[in-house]
Amino acid sequence: MTKPIDPDPRATLRGGLPDRYLTPDDIAEVFEVPLETVYQWRKKRTGPPGFRIGKHLRYDPADVRAYVTGRKDADRNAA
């Protein structure tokens with residue numbers, strides 16, 4: 001009998017998000033919003049936290065998942 005393989009905890013944490021840093025285009029696609037909305041979130045500091053690699057904006061999938069979880073919790077507590 002073979003031992004079952006434990007799932008990668010990063011995959012569980014990321015909840016189906018790609019295992020790579022995400023671009024603003026990726027974020028717009030995931031949330032089904034215009035790209036300009038992603039940039040406005042960044043400017044207003046209301047969306048998932050991003051970071052710069054040189055001149056490129058990137059998002060860590062774990063941070064995006066935490067942002068979504070936080071939004072869900074806030075909505076539940078407000079109801």
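As the structure is a computational prediction, the values presented were derived from the model and not from experiment. For reference, positions follow the sequence shown, starting with 1.
Proximity of L57 to P24: side-chain heavy atoms (C-beta onward) are separated by under 4.5 Å at one or more points.
One distance of note links NZ of K43 with CD of E36; it measures 8.5 Å at 0.5 Å rounding. Interatomic distance, CZ of R42 versus OG1 of T37, reported as 15.5 Å (0.5 Å rounding). Separation of atoms CZ (R65) and CG (D60) is listed at 12.5 Å; rounding is to 0.5 Å. Between the CD atom in E32 and the CD1 atom in I27 there is a gap of 13.0 Å [rounded to 0.5 Å].
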### Message
Go through it in stages, so that I can follow the logic: the residues are L35 and D25, the test is side chain to side chain contact (heavy atoms under 4.5 Å, CB included), and I'd like the CA-CA distance, side-chain angles, deciding distance and then a yes or no.
### Response
CA-CA 6 Å; L35 183 59; D25 287 324; 3.4 Å; yes
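Atom CZ of R52 has more than 12 heavy atoms from other residues, nucleotides or ligands within 6.0 Å. Dense packing is recorded around CD of Q40, with more than 12 heavy atoms of other residues, nucleotides or ligands lying under 6.0 Å away.
Counting all heavy atoms, side chain and backbone alike, Y67 lies closest to G47 at CE1-C, 3.5 Å. Closest approach of R20 and P61 over heavy atoms only: O-CG, 2.9 Å. Contact record, I53 with R58: CG1-CG, 4.3 Å, taken as the closest heavy-atom pair.
Pairs of residues two or more places apart, or lying in two chains, that qualify as ring-ring contact (aromatic ring centres under 6.0 Å, His included) and include a residue from residues 36-66 are Y21-F51, F31-W41.
Taking the salt bridge (charged side-chain N to carboxylate O under 4.0 Å, His left out) definition, one finds that D73 meets it with R76, sequence neighbours left out.
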